[in-house]
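What follows is one structure encoded as structure tokens, with my remarks underneath.
Reckoned from all heavy atoms, side chains included, excluding hydrogens, waters and symmetry mates. Small disclaimer: the values here were computed from a predicted structure and weren't measured. Residue numbering restarts at 1 for every chain, and letters A, B, ... go by the order of the sequence lines.
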Amino acid sequence: MERKYNPHEIEPKWQKYWEEKKIYKSDVDKTKEKYYVLEMFPYPSGRIHIGHVRNYTIGDVVARTKKMSGYNVIHPMGWDAFGLPAENAAIEKGIHPAKWTYENIKNMKQQLKRLGFSYDWDREIASCRPEYYKWEQLIFIKMLEKGLAYKKKSSVNWCPSCNTVLANEQVEGGECWRCSSKIETKELEQWFFKITAYAEELLDWCDKLKGWPEKVILMQKNWIGKSYGCEIDFPLADRDGKITVFTTRQDTVFGATFMSLAPEHPLVSELCKGKPEEKTVIDYVAKSKNLTPLQRQMAEYEKEGVFTGSYCINPFTGWKMPIYVANFVLAEYGTGAVMAVPSHDERDFQFAKKYNLPIVVVIQPKDKELDPAEMTEAYTEQGYLVNSGPFNGLFNEEAKEKIARYIEDKGWGKKSINYRLRDWGISRQRYWGAPIPIIYCDKCGTVPVPEKDLPVILPEDITITGKGRSPLAELESFVNTTCPKCGGNAKRDTDTMDTFVESSWYFLRFASPRYDKGMFNPEEIDYWLPVDQYIGGIEHAILHLLYSRFYIKVLRELGLLKFDEPFSNLLTQGMVCMESYRCEEHNYLLPEEVKDDNGKRVCGKCGKEVIVGRVEKMSKSKKNVVDPDDLVNNYGADTSRLFCLFAAPPEKDLDWSERGVEGSYRFIQRVWRLFYNWIEHFETPQERAMPEVSDKNAREIIRFTHKTIKRVTDEAVNKFHFNTAISAIMEFVNFLYTITDVKNYEIKLSMRYAIQHLIILLYPFTPFVCEELWAEMGFKETLYFEKWPVYNPEFIQDEIITIVVQVNGKVRGRFDFPADTPEKEMEAQITADEKLKQYIKGEIKKIIWVPKKLVNIIC
RNA sequence: GCGAGAGUGGCGGAACUGGCAGACGCGCUGGACUUAGGAUCCAGUGGGCAACCGUAGGGGUUCAACUCCCCUCUCUCGCACCA
């Protein structure tokens with residue numbers, strides 16, 4: 001009686017076995033080369049989603065193949081446990097964020113275990129525990145000492161729905177990255193990390209991160225946004241003082257006809273004071289302050305502003321330039337002031353047209369002559385300087401350098417570099433986060449909590465209403481404290497740190513998760529870090545990855561680390577997408593509510609044809625969500641894993657398909673049946689040696705086995721092309737199915753060898769079923785400790801080769817030859833062939849060989 | 001607007017460094033076994049009766065182009081008044 005494949009029987013068994021034997025435990029072993037595989041740790045939202053399954057399956061295959069290839073692998077998992085959803089749950093359901101978080105962790109951990117991931121759970125961490133955040137509070141204080149953390153009043157991005165501040169990186173198109181509410185601006189005292197101090201280094205290292213996708217590197221470079229230019233001083237016309245601008249186009253300075261200031265520019269109120277324009281200007285500034293960043297963006301194309309009543313002098317031309325306040329000038333970038341060159345800047349051109357300001361051409365293209373009166377848009381291309389005094393005739397790129405030097409010689413300004421990157425604001429007016437270890441004393445001012453008093457523990461006796469101030473600010477017992485310096489009454493900072501601070505260093509903590517003398521044990525860090533392979537979603541291309549890089553540089557600066565970059569190699573996996581179905585009557589439908597009617601998909605309730613949505617991101621409202629638990633309940637963990645790996649290459653988006661999942665399930669069953677077709681015919685199934693065989697078919701089995709080892713190794717182990725690696729294994733299985741001679745002794749030996757290797761090669765992808773079959777063969781040791789097979793180049797040589805024959809570049813036939821036939825001889829046979837002769841017209845001019853593959857006959 | 005990437009059967013996707021386009025899977029068609037088949041196994045499956053034509057479209061280089069070069073179109077992603 002053939003045994004049926006039942007994942008629900010074998011998977012829990014092996015999960016328990018792996019756990020009890022602690023086979024995934026990792027320890028420092030200096031005799032072995034280490035390999036640190038890490039997937040981005042999840043936020044404990046309650047349940048894992050299919051994207052997690054994909055992410056962690058990829059990581060698991062990497063971990064297992066590296067382990068089998070001889071590395072000492074560390075593969076940890078933990079929880080990014082602070083964050084807003086815990087507080088929202090508290091507001092909605094009345095559960096304490098801590099309780100909610102720890103329960104979610106418990107559930108999700110169970111879900112991860114079911115999927116058979118090879119985590120060393122002894123290293124598990126949760127970032128909301130005081131043993132964890134204590135160390136980032138300590139680093140905060142050290143950063144404060146070094147001037148890398150500072151407090152300033154600034155206008156910040158405020159999410160009215162989350163009731164908190166967001167970093168620039170967390171604002172997407174004027175909306176909150178989490179809840180998509182429209183962002184407002186607010187003036188607040190905030191703590192900042194001085195990431196701009198590392199702008200140059202972060203940029204510099206971008207080019208050294210060879211193991212990162214180009215795309216991510218580019219996004220980071222753009223985010224840092226380095227530009228070369230000049231700062232130029234424009235003296236005020238009728239009084240002392242000057243306006244300094246930053247420009248990258250100093251080559252156009254002779255064309256600067258007016259000046260534009262950001263509404264927030266500090267000189268604005270002074271410049272209009274006592275002028276007839278004063279009231280207009282004050283009103284305009286007030287109006288623009290009230291605008292949200294989104295509203296500002298809406299006004300994208302409408303450039304507008306007001307005249308301040310004052311003038312400054314263009315030092316190059318001596319012109320009196322009217323000073324405007326303009327809505328398109330950003331206070332945060334450069335100096336908040338722009339010299340306006342309408343002829344060669346699109347925004348300045350529009351502004352000049354609107355307010356009738358002079359336009360002077362200073363750069364002429366080669367092929368035509370620009371006339372300011374006839375221009376309909378600014379000329380922003382390259383060209384030659386005109387109207388530019390001693391610089392006339394120069395190519396503008398050349399002029400940039402010359403004018404920059406001229407500016408410095410004259411003392412009118414200097415060369416300058418500007419970055420788009422801003423400092424990282426980390427204060428959050430929320431409860432569920434790491435408290436900022438700062439005390440405010442009336443006498444001593446801002447005082448850091450002394451190291452011996454750390455951690456500042458987040459109090460748990462708290463009620464969360466979601467209304468009013470931050471919950472911590474309401475809690476007297478937390479707020480009121482004594483000053484560590486003078487002992488007098490003092491108050492604590494009631495903000496918590498951005499949760500991105502926790503995720504900026506968690507991968508360090510994994511090296512020594514229980515260490516209590518510091519952030520980490522230096523010896524363990526020396527051995528395990530940096531992370532060799534990091535895997536996660538592209539959505540973190542800027543935020544988390546940039547912050548982590550910065551944090552490592554800070555820790556290095558503090559003398560705690562010796563390396564420069566946290567992640568040597570990065571794999572950004574694609575999203576999991578799925579079709580959505582919508583019925584006009586019944587809105588979005590679950591897949592099982594959709595029926596098939598002659599190839600048309602109709603609503604199961606009313607029979608109307610459904611609208612099939614573009615394959616898009618899964619979302620609960622569109623009912624196109626796959627619950628990993630259902631998947632595992634239906635098909636088992638092996639099938640779930642296999643499908644995620646097979647359906648698409650890891651970095652591409654994956655289209656979810658129930659049919660595809662069934663296909664993966666079928667394949668596992670096919671392997672299962674193949675195994676049971678043969679196992680009873682093997683007299684000594686545990687014999688490992690490669691058999692010496694002479695039978696043609698038996699030799700072919702050995703050859704195919706070695707070819708498959710090569711393909712799977714190249715594709716999966718070296719290139720992370722898991723989809724093609726699996727297809728190679730499928731081809732192998734298809735081939736083995738063609739062998740049916742169970743009585744032939746040599747074939748039996750070869751099949752035993754082939755099936756052993758099939759199980760080993762498949763193991764990283766579908767570990768449960770492979771362990772089961774391996775044990776069925778009589779092996780006692782888990783496959784986790786098995787060595788990854790190595791192919792022998794001698795064994796993959798074909799005895800017979802097929803030569804594709806082209807005539808004038810078109811395929812006209814194929815011929816089989818023994819592999820060692822000389823080319824001349826093959827040529828003779830091919831050209832003598834009757835069928836081929838009809839294509840060869842006239843004299844053969846040339847014969848081109850691709851050795852052992854193809855021949856092209858030119859005539 | 002700027003920057004990057006991608007366009008290959010009915011679908012997801014293969015194709016090393018320029019050398020048989022469509023591997024593998026899904027779907028579909030036919031057959032076998034069956035009381036039954038939505039199980040399993042076997043065969044077929046880019047288009048066209050054919051010569052031939054086919055990798056978004058057009059041109060080029062080459063004995064040979066999905067692959068290299070030029071132009072055009074479409075889609076996706078990122079940034080978005082950055083001076």
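Between Thr724(A) and A23(B) there is no side-chain N or O to OP1 or OP2 distance below 4.0 Å. Here Lys810(A) reaches the OP1 or OP2 of C53(B): one of its side-chain N or O atoms lies under 4.0 Å away. In this structure, Arg347(A) does not reach the G1(B) phosphate: none of its side-chain N or O atoms is under 4.0 Å from OP1 or OP2. Between Arg812(A) and the phosphate of A51(B), there is no side-chain N or O to OP1/OP2 separation shorter than 4.0 Å. Checking the phosphate oxygens (OP1, OP2) of G25(B), a side-chain nitrogen or oxygen of Asn734(A) falls inside 4.0 Å. Within the 4.0 Å cut-off from OP1 or OP2 of C16(B), not a single side-chain nitrogen or oxygen of Arg711(A) is found. For A83(B), the OP1/OP2 oxygens have a side-chain nitrogen or oxygen of Tyr333(A) closer than 4.0 Å. For C82(B), neither phosphate oxygen OP1 nor OP2 lies less than 4.0 angstrom from any side-chain nitrogen or oxygen of Arg422(A). At least one side-chain nitrogen or oxygen of Asn723(A) sits closer than 4.0 Å to the OP1 or OP2 atom of A14(B).
Ionic pairing of Lys414(A) and Asp233(A) is not present here: no N-O contact between side-chain nitrogen and carboxylate oxygen is shorter than 4.0 angstrom. Remark: Lys287(A) engages Glu304(A) in a salt bridge, criterion side-chain N to carboxylate O under 4.0 Å. With salt bridges taken as basic N to acidic carboxylate O contacts below 4.0 Å, none links Arg420(A) and Glu332(A). A salt bridge is defined here as a Lys NZ or Arg NE, NH1 or NH2 lying under 4.0 Å from an Asp or Glu carboxylate O, and Lys303(A) with Asp348(A) fails to meet this definition.
Residue contacts for Asp653(A): at a heavy-atom cut-off of 4.0 Å it reaches the sugar-phosphate backbone alone, with no base atom in range. Using a 4.0 Å heavy-atom cutoff across all strands shown, Leu854(A) reaches at least one base atom of the nucleic acid. Residue contacts for Ser260(A): at a heavy-atom cut-off of 4.0 Å it reaches no nucleic acid atom on any strand shown. Counting non-hydrogen atoms under 4.0 angstrom, Glu214(A) reaches nothing in the nucleic acid. No engagement by Ser657(A) is indicated, since no non-hydrogen atom pair under 4.0 Å with the nucleic acid exists. Contact annotation for Lys845(A): no contact, since no heavy-atom pair falls under 4.0 Å across all strands.
The side chain of Lys846(A) sits closest to C63(B) out of C63(B), C42(B), C81(B). Distances were taken from every side-chain heavy atom of Met219(A) (C-beta onward) to each of G78(B), A21(B), C63(B); the shortest belongs to G78(B). Listed nucleotides: A14(B), C82(B), C24(B). Nearest to the side chain of Ser727(A): C24(B). Proximity note for Val329(A) (side chain, C-beta onward) versus G19(B), C81(B), A83(B): the nearest is A83(B). When distances run from any side-chain atom of Phe646(A) to the nucleotides G19(B), C41(B), C24(B), the shortest one goes to C24(B). Comparing atom distances between the Arg666(A) side chain and each of A39(B), A83(B), C53(B) picks out A39(B) as nearest. Relative to the side chain of Glu731(A), the nucleotides A23(B), G3(B), C82(B) differ in distance, and A23(B) lies closest.
Nucleotide G10(B) holds its P atom 19 Å from the CZ atom of Arg659(A), rounded to whole Å. Computed from coordinates, the Leu546(A) CG to C79(B) P distance equals 13 Å when rounded to whole Å. Atom CG in Asp714(A) sits about 17 Å away from atom C1' in C24(B), given to the nearest Å.
Counting non-hydrogen atoms of other residues, nucleotides and ligands closer than 6.0 Å to NZ of Lys354(A) gives a total above 12.
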For residues 845-859 of chain A, dump all side-chain donor-acceptor pairs below 3.5 Å to protein atoms at least two apart in sequence or in another chain.
unit_1	atom_1	unit_2	atom_2	d
Trp849(A)	NE1	Glu827(A)	OE2	2.7
Lys852(A)	NZ	Ala819(A)	O	3.2
Asn856(A)	OD1	Gly809(A)	N	3.0

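Looking at Lys215(A), its side chain has no donor and acceptor atom pair within 3.5 Å of the base of C77(B).
Base orientation of G57(B): anti, the glycosidic angle falling outside 90° of 0.
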